[in-house]
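Okay, structure first, notes after.
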Amino acid sequence: MQDTLRQAISDALARFGLVAGEIALEQPARRAHGDLSSNVALTLAKQAQQPPRQLAESLAQQLNSAELSHVESVEVAGPGFVNFRLSDSWWQSVVEDVLTLGVDNYARLDFGQGIKVNLEFISANPTGPLHAGHARGAAFGDALAQILKRCGYDVSTEFYVNDQGRQLKLFAESLRAVKDGTPLPEDGYRGDYVVEWAQELNDEVDDLRRWARDKSLADQQQTLSKLSISFDRWFNESELVETGRVHALLEELLAQDKAYEKDGATWLRVSHYGDSQDRVLVKSNGDLTYLTPDIAYHADKLSRADQLIDIWGADHHDYVTRLKSALAAIGEDTSRVEIITCQIVKLMRAGTEVKLSKRTGDLISIDELIEDISSDATKFAYLQQTPDSHLTIDLDVLRESSMENPVYYVQYAHVRACAILRQAAQLGAAGSGAGAGGGTETEAGGSGTRLELLNHERELELMRLMRNLPDELQTACTARTPHRIVAWLKELASAFHGFYHDCRVTGNDVPEELTQARLSLVKAAQICLAIGLHLAGVSTPERM
RNA sequence: GCCCUCGUAGCUCAGGGGAUAGAGCGACGGCCUCCGGAGCCGUGUGCACAGGUUCGAAUCCUGUCGAGGGCGCCA
């Protein structure tokens with residue numbers, strides 16, 4: 001539709017000897033201004049050497065005489081906007097599109113062209129359960145993966161397990177100290193789970209670090225499965241070290257004089273590649289820094305995918321430049337590496353901020369969150385804002401209030417749609433003759449369904465939103481903003497509840513043909529709600 | 001001191017060059033002989049500040065103020 005209009009505008013402009021670059025078409029904030037609007041007359045006024053309003057009038061006249069399909073009228077408004085009013089038939093046809101394509105194929109885009117994207121997120125240390133600080137990256141990463149896939153990217157998700165560094169060593173030592181009743185090492189791990197896990201230690205455990213890692217991974221994986229988040233690959237840092245690849249990388253860097261020795265340590269000349277200073281690769285005590293295997297890890301990922309996306313917490317933003325400079329140093333194309341940082345989330349409970357501290361062991365685990373406010377609500381809560389926002393989540397409000405916790409509002413719309421379809425199926429089965437279709441299996445929308453009966457304002461609003469889904473999806477994908485989908489879902493749910501309130505589907509006082517048309521609409525809405533909920537990574541209940 | 005992000009309604013947040021800036025919550029007031037009331041409808045206030053760019057700025061640029069995060073041979 002939009003492409004058709006753009007072409008028409010372009011053709012009309014050509015008649016006046018004008019050439020536009022990008023022709024913007026957007027939905028006006030107010031419906032009174034039409035369904036679609038273009039500002040070409042404003043942007044081209046100078047080139048045309050006439051007032052924007054006058055150019056717009058000429059354009060509108062030209063477009064009106066072109067008799068474009070599904071276009072009711074073209075009007076000029078304001079300083080020179082060209083507004084298109086679309087016919088109901090355009091919105092009604094979305095019902096047919098949705099029913100024909102279904103959950104799997106409506107709003108399935110292909111601009112990703114099968115490009116291989118490797119998406120890494122969470123990558124928590126294997127030193128304990130996942131906690132609230134990981135939840136945003138988890139919800140964001142999972143939703144982004146779903147969105148990228150639906151846009152035609154070949155996505156593989158990955159969790160990097162840092163099982164070589166100081167943190168795991170420290171964690172293992174902490175477990176041992178708790179078990180033996182000796183003092184914790186400096187900066188050691190605290191918290192209830194440390195004590196619990198330490199009690200599970202016995203003499204059969206010969207490699208404490210490995211045991212601690214596996215214990216952590218098992219715990220984290222269980223939490224993720226509660227959140228319905230799965231990874232295509234869990235990548236152990238130790239794999240890079242043990243296969244000698246990190247060692248080979250170091251030798252190569254030294255041979256190329258990109259690394260050098262100083263003060264007993266080995267340094268990488270990242271300051272030549274954009275970083276503010278050189279960085280240590282091997283500490284003077286012989287240990288590797290986090291950076292060294294991470295370079296090898298990203299090089300490995302780059303050999304497996306066209307594009308990398310890393311999702312990090314904002315507390316690591318400083319590391320972005322360091323990693324990219326290091327990758328530039330080894331000759332990688334850093335434009336293939338995208339790093340998204342999510343801002344820290346502040347949690348409130350009982351009116352006060354919940355302080356999270358790894359140092360004191362004062363943490364809220366994701367398991368606790370799920371138990372407190374459910375898995376779907378946890379994911380949805382973290383998905384409502386841009387990753388850039390410094391959001392505050394009030395646990396009490398999430399638990400108690402239904403609209404601060406819109407996942408139920410949206411899911412309830414889906415439940416209602418299913419309930420109506422069930423009801424209709426029962427009535428049909430009762431032998432009313434016409435039959436309301438087979439409930440959720442209804443083929444409504446097929447031949448004979450009079451979609452033109454769907455002209456109530458509530459119905460039109462619902463259909464407009466369904467038409468928008470592909471656009472919303474594209475925006476959410478290219479801008480990496482899953483919250484767009486969530487915002488759209490809330491609007492669609494609202495439109496559905498309004499429709500439900502004002503437009504009865506079944507009943508003796510509803511003409512049979514209208515019932516059929518509305519059943520098609522309900523089925524289409526249910527499909528769209530399911531698509532959106534799926535993209536957000538939450539469930540689609542049929543009853544609540 | 002330097003770097004990143006943010007500052008929009010009483011609260012939590014959308015909107016990120018277009019026309020009269022939105023939603024939920026909270027507050028107040030309506031709607032059940034109704035396919036599930038976890039619902040629907042109505043009522044109010046607001047773009048931190050100052051310059052600049054533009055036909056047009058909440059949106060882009062600069063500065064000021066404020067908030068969060070970061071500036072390790074931690075990860």
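Numbered from 1 within each chain, the chains take letters A, B, ... in sequence-line order.
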Presence of salt bridge, Arg399(A) and Asp372(A), under 4.0 angstrom: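 A salt bridge is present here (some side-chain N lies under 4.0 Å from a carboxylate O).
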
Ionic contact status for Arg458(A) with Glu461(A), cut-off 4.0 Å: no

Side chain of [X]: nearest nucleotide among [options]?
{"X": "Val505(A)", "options": "C73(B), C35(B), A38(B)", "value": "C35(B)"}
{"X": "Arg484(A)", "options": "C6(B), G16(B), G36(B)", "value": "G16(B)"}
{"X": "Gln385(A)", "options": "C40(B), A14(B), C3(B)", "value": "A14(B)"}
{"X": "Thr43(A)", "options": "C40(B), A38(B), G18(B)", "value": "G18(B)"}
{"X": "Arg416(A)", "options": "C71(B), G18(B), G36(B)", "value": "G36(B)"}
{"X": "Asn39(A)", "options": "G36(B), G18(B), C73(B)", "value": "G18(B)"}
{"X": "His497(A)", "options": "C40(B), C55(B), G70(B)", "value": "C40(B)"}
{"X": "Trp267(A)", "options": "C73(B), G36(B), U5(B)", "value": "C73(B)"}
{"X": "Asp263(A)", "options": "C73(B), G18(B), G15(B)", "value": "C73(B)"}
{"X": "Tyr500(A)", "options": "C6(B), G37(B), C71(B)", "value": "G37(B)"}

Ring-on-base stacking A67(B) with His390(A) (under 5.5 Å, under 30°): no

Short side-chain N/O contact to G22(B) OP1/OP2 from Arg30(A), under 4.0 Å: yes

G68(B) OP1/OP2 closer than 4.0 Å to side-chain N/O of Lys346(A):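 So the side-chain polar atoms of Lys346(A) never come under 4.0 Å of the phosphate oxygens OP1 or OP2 of G68(B).
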
Spacing between [X] atom [atom1] and [N] atom [atom2], to the nearest angstrom:
{"X": "Gln27(A)", "N": "G18(B)", "atom1": "CD", "atom2": "C1'", "value": "15 Å"}
{"X": "Tyr409(A)", "N": "A38(B)", "atom1": "OH", "atom2": "P", "value": "13 Å"}
{"X": "Asp318(A)", "N": "G72(B)", "atom1": "CG", "atom2": "P", "value": "8 Å"}
{"X": "Gln164(A)", "N": "C73(B)", "atom1": "CD", "atom2": "P", "value": "20 Å"}

Go ahead and name the base partner of [N]; Watson-Crick or wobble counts if both distances stay under 3.5 Å, otherwise write none.
{"N": "C47(B)", "answer": "none"}
{"N": "G26(B)", "answer": "none"}
{"N": "A19(B)", "answer": "none"}
{"N": "G36(B)", "answer": "none"}
{"N": "A67(B)", "answer": "U5(B)"}
{"N": "U54(B)", "answer": "none"}

Looking only at atom [atom1], what distance separates [N] and [M], rounded to whole Å?
{"N": "U43(B)", "M": "G56(B)", "atom1": "P", "value": "34 Å"}
{"N": "C55(B)", "M": "G17(B)", "atom1": "C1'", "value": "12 Å"}
{"N": "U45(B)", "M": "U53(B)", "atom1": "P", "value": "33 Å"}
{"N": "G22(B)", "M": "G42(B)", "atom1": "P", "value": "14 Å"}
{"N": "A21(B)", "M": "G46(B)", "atom1": "P", "value": "11 Å"}
{"N": "A57(B)", "M": "A19(B)", "atom1": "C1'", "value": "14 Å"}
{"N": "G51(B)", "M": "C65(B)", "atom1": "C1'", "value": "15 Å"}
{"N": "C4(B)", "M": "C60(B)", "atom1": "P", "value": "15 Å"}

Base C73(B) to side chain Thr289(A), donor-acceptor N/O within 3.5 Å cut-off: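 Checked by distance alone, the answer is no.
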
Any donor-acceptor N/O pair under 3.5 Å between A23(B) base and Ser494(A) side chain: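 Between A23(B) and Ser494(A), which were checked side chain against base, a qualifying N/O pair under 3.5 Å is absent.
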
Check: His456(A) ring centre within less than 6.0 Å of Phe499(A) ring centre: no

NA contact type, [X], heavy-atom cut-off 4.0 Å: base, sugar-phosphate, or nothing?
{"X": "Ser389(A)", "result": "sugar-phosphate"}
{"X": "Leu391(A)", "result": "sugar-phosphate"}
{"X": "Thr341(A)", "result": "nothing"}
{"X": "Gln423(A)", "result": "sugar-phosphate"}
{"X": "Asn83(A)", "result": "base"}
{"X": "Cys342(A)", "result": "nothing"}

Residues in side-chain hydrogen bond (donor to acceptor under 3.5 Å, both in side chains) contact with Thr540(A), at least two apart in sequence or another chain: none

Arg210(A) atom CZ, neighbour heavy-atom count above 12 within 6.0 Å: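 No, not enclosed.
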
NZ/Lys169(A): more than 12 non-hydrogen atoms of other groups inside 6.0 Å: no

Aromatic plane relationship, Tyr189(A) with Phe171(A) - under 30° parallel, 30 to 60° tilted, over 60° perpendicular: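 Answer is perpendicular, since the angle exceeds 60°.
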
For Pro482(A), all residues meeting side chain to side chain contact (heavy atoms under 4.5 Å, CB included), sequence neighbours excluded: Phe140(A), Ala143(A), Leu144(A), Ile147(A), Leu383(A)

